[in-house]
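Report on the structure given below.
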There are 2 protein chains.
Amino acid sequence: MRSSTIYDVAQAAGVATSTVSRAFSNPDRVGAATREHVLEVARRLGYQPNPHARALVSRRTRTVAMVVSDITNPHFFELIRGAEMRAKASGYTLVLVNAEESPRIELEQIHRLTRSVDGFLLAASRQPAEDLLQLAAGHRVVVVNRRVPGLASVVLEHAEGCRQMVAHLASLGHDSVVYLAGPRNSWMAASRWAAIRAAAAELGLRAQRMGPFAPTVASGGAAADAALTTGATAAIAHNDLLAIGVLRRLADRGIQVPQDVSVVGFDDIFAADLCTPTLTTLGGAHADVGRAAVEILLNSMEQPRDHAPELVVPSELILRRSTGVPGRSRGQRPA
Amino acid sequence: MRSSTIYDVAQAAGVATSTVSRAFSNPDRVGAATREHVLEVARRLGYQPNPHARALVSRRTRTVAMVVSDITNPHFFELIRGAEMRAKASGYTLVLVNAEESPRIELEQIHRLTRSVDGFLLAASRQPAEDLLQLAAGHRVVVVNRRVPGLASVVLEHAEGCRQMVAHLASLGHDSVVYLAGPRNSWMAASRWAAIRAAAAELGLRAQRMGPFAPTVASGGAAADAALTTGATAAIAHNDLLAIGVLRRLADRGIQVPQDVSVVGFDDIFAADLCTPTLTTLGGAHADVGRAAVEILLNSMEQPRDHAPELVVPSELILRRSTGVPGRSRGQRPA
DNA sequence: CGTCAGACGGCAAACGGTTGCCATGTGTTG
DNA sequence: CAACACATGGCAACCGTTTGCCGTCTGACG
C-alpha cells in the first residue's frame, strides 16, 4: 500500500503536479475552484506530503532539536514540555538529544543533526562561549539558561533571584553563606556565584564557594560535608537535586535543618515540595522558558533579524521549611 | 557556505558519485584503496550526508518517534531516557511526542509523522486495541506498558507485582484494599485491577475499585476521600503521583499513614523516596523498558519477523514507610 | 478593436542521494 | 591458452517535492 504522492493527486485531479504542490504550499497562486478540487481529491486519496522530499528542495524541515545537558534532571522536563507544546502548535516536531553532560557528545549530536533540523535549542550547554558562537555561524541556535553575547537566548532570571535569596537569609539572621557550585563549565554556576557573592557583599554577609559538584542527589553527600567545614549557617546548592542530597546527608549526620543550617536550591522541581524538610528554592515558569525558546527560533526563521533577542523569564523565590532562623531549637517559618 | 555534497566529493576524488555513496553505505562494494581515498577526501571536505536525500530513496529515516500519553509524568522520564540512549547508540534520532492524554492528538501526531520516522514507540497508549492493530498494519509499532495480542510490546511486569503487593498488605494484617484506578481507557489500569482483584481473592482480602482518577497529584485529594468511604485499610493508587496526592490529602485530614491506612503506588518515581511518609511502590528498570522497546523496533526493521515479541521487564516491590500494620499507633516497618 | 497586464496552469530542472545494470579488467580453471 | 567468474567502478534512472519561467486566456482599457 504505497501511499499516494503528488503525482497520483495530479493525475486524479487532471492537473499538473506543480498545481497540486501550490494548492498546498502557496494557495493564492492557484484559482479558487482548482484549489478546492485539488484539495478534495487529495483528501479522498489520503495524500500526505513527504517531508523529506519537501525538505530536500525547500531546505526547511519543520523540525527543531533540543539538546539538554542531562535528560535525567527533572528540571528539564518542564522545559522540554514547554518546547514540545510550542513546537507542535506550529506544526513543528521536537527531537530530543541528551548530551549526558559531555560537551563532546553535545557537539557530535549537533553535527549529526545539522541537516535534519531547522535549528537548535541548547539547554544549559557546556560548550565554551566561542564554540557556541562558531556553531551559531553555521546553524540557527538559541541558547537556553545561558547568556552568550551575540546569541539569541532565554534564561530564567536568577541574578535578582539570588539577591532575594541572600536577602532572605540575611533577614533571618544568617551572616555567612556557602554556595555549593555546579559543574565547572556551567555558565549558570558561574553566574549564580557572581550574583550571590555580590549580594552577600552588599548585605554584609560572608560568602564562600565550594565545589564544583555534579548537580545530582548523589553529590549532595560530599557537598554537605564540604558546606559544614566552612562554618556557614546557610548553604545554597546549585540545584534542587544537589540540595536534596545535602538534606539527606545532613539528616544522616544528625544535623537539623533549618535550625543548624539552612539549605536552599534552584529550579523548584516537583520533589522540592516533598522532601523533608520541604525546600526553599528559586522557581519560575520553566515551561515558559522552553516555549519562548522555540518561539524565538521559529521567528528567526521567518525574518532573520540582525539583533539576537535575549529574553529573561521572571523567577520567584519559593520559601519553604528548609530555611529558618539559625541557632534556634525550633525551626521558625519566615513570613 | 553550502555544505559539500556527494558530487563535490566524487569530483575531488575523481570517482563517480555512486562510488562515493557506496564507500559509505556499502563499503564492501568498493575496493579498499578507493574506499580509503574517498573517505579521506570526504573527511577533508567535511562531507556530511543529507539525511533527507537519503531517506527519500532508501525509505529509511533512522528516526523513531516516542509518543507518551503525558510528558509531564516523571515516570516517563526514565523511559524516554532509556529509549533516547538506545536510539543514539545505533545512530538513530528520537523524536518526542506528547499526546496530552488525548487519543485524538495521539493519532494526529502519528499521522503527521508517518513519513518522517521509521517507527513508533507508543507508551501507555490510550487507543482502543483495534485502532492500534490497524495502525500497526501501516506502521512499524511497538507498544510500551501495554499488551495488545499480535503487536510487539514491552511492559514492566505488574501482574506478579500486584500479587506481591497484595500479599505484602495481607501479611501486615490488612483484610481489605481499594484500588484507586487510573484513566478509563488505560490498559494498565484495567490490567492492574484484574491482578489485584485476583490476588485479593486468592489471599482472602476484600478488594474494591474506585475512580477512575487522573494520574496526577491533584486528583489525589478526591481519590483519598473516595478511599476512605470504602473503609478499606489499604489504598493502592494507580501511580505514584496519585499516591502522593493521596498522602497529602490524608495528612490534611489528620489521618495517619500507615497506622490508619496504608498507601502504595506504582512506578517508583524519584519523589516516592522523598515524600512523607516515603512511599511503598512497585518499581522497576523503566530505562530498560525504553531501551528494549527501541531495540525491538530496530530489530524488526532489519529482519521483519512474523512473530511479534512480547517482552516483560521484571519489576520490584519497594517497601517504604507508607505501608504498615493497620490500627497500630506506631508505624512498623516490615522486614 | 488592438494592446496589455494579470491570473492561472504547466514544463522541467533542481534538491542529494541510492541502486540496478552494464562494462571493464583481473585471476582462476580446465 | 580459451573460457569464465568475479571484483570493481560508472551510468543513469529514480525517490517526491518545489519553483523559476513560460504560454495562454481573460478582461480592462484607450
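Below, read A as the first sequence line, B as the second, and so on, with proteins coming before strands; counting in each chain starts at 1.
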Exercise for review: Show your working on side-chain contact (heavy atoms from CB on, under 4.5 Å) between B:V313 and B:V154 and close with a plain yes or no.
Suggested key: CA-CA 7 Å; B:V313 173; B:V154 16; 4.1 Å; yes
Who are the salt bridge (Lys or Arg N to Asp or Glu O under 4.0 Å) partners of [X], not counting sequence neighbours?
X     : value
A:R43 : A:E40
B:D70 : none
A:R44 : none

Check your understanding: Can you name the side chain to side chain donor-acceptor pair (under 3.5 Å) partners of A:Q134, sequence neighbours left out?
Key -> none
Review point. Can you list the residues that meet the side chain to side chain donor-acceptor pair (under 3.5 Å) rule with A:T61, with sequence neighbours excluded?
Key: A:D118
Check your understanding: Residues from residues 32-41 of chain B sitting under 4.0 Å of DNA chain D, heavy atoms only?
Key -> B:T34
In whole angstrom, what separates [X]'s [atom1] from [N]'s [atom2]?
X      : N      : atom1 : atom2 : answer
A:R59  : D:dT17 : CZ    : P     : 18 Å
A:Q11  : D:dG16 : CD    : C1'   : 15 Å
B:H52  : C:dG17 : NE2   : C1'   : 13 Å
B:N50  : C:dT18 : CG    : C1'   : 13 Å
B:R115 : D:dG16 : CZ    : C1'   : 9 Å
B:R60  : D:dG16 : CZ    : C1'   : 19 Å
A:D28  : C:dG9  : CG    : C1'   : 15 Å
B:L56  : C:dA14 : CG    : C1'   : 13 Å

**Study point:** Closest to side chain of B:A16, choosing from C:dG10, D:dG10, D:dG16
**Key:** D:dG10
Kindly list each side-chain donor-acceptor pair under 3.5 angstrom involving residues 45-54 of chain A, sequence neighbours excluded, with atom names and distances?
unit_1, atom_1, unit_2, atom_2, d
A:N50, OD1, A:H52, N, 2.7
A:N50, OD1, A:A53, N, 3.2
A:H52, ND1, B:R115, O, 3.3

Review point. Do side-chain atoms of B:R291 reach the backbone of B:A83 as a donor and acceptor pair under 3.5 angstrom?
Key: no
Exercise for review: Determine, for nucleotides 18-25 of chain D in 5'-to-3' order, which nucleotides have protein heavy atoms under 4.0 Å from the base (write B), from only the sugar-phosphate (write S), or from neither (write -).
Suggested key: BBBB----
Below 3.5 Å is the cut-off: list the nitrogen or oxygen pairs between protein and nucleotides 26-28 of chain D, distance only.
none

Revision key, fill the gap. For residues 80-103 of chain A, the side-chain hydrogen bond (donor to acceptor under 3.5 Å, both in side chains) pairs (sequence neighbours left out) are A:R60-A:Y92, A:E78-A:R81, A:R81-B:T72, A:R86-A:S90, A:R86-A:E295, A:K88-B:E100, A:T93-B:R112, A:E100-B:K88, A:E101-A:R126
Review point. Which pairs count as side-chain hydrogen bond (donor to acceptor under 3.5 Å, both in side chains) when at least one residue sits in residues 17-36 of chain B, sequence neighbours excluded?
Key: none
Nearest atoms (heavy-atom pairs only) where [X] meets [Y]:
X      : Y      : answer
B:P314 : B:L156 : O-CD1, 3.5 Å
B:V67  : B:L122 : CG1-CD1, 3.5 Å
B:H37  : B:A13  : CE1-O, 3.2 Å

Practice item. Note down the inter-axis angle between the two ends of the helix from C:dC1-D:dG30 to C:dG30-D:dC1, five pairs each, to the nearest 10°. Key: 40°
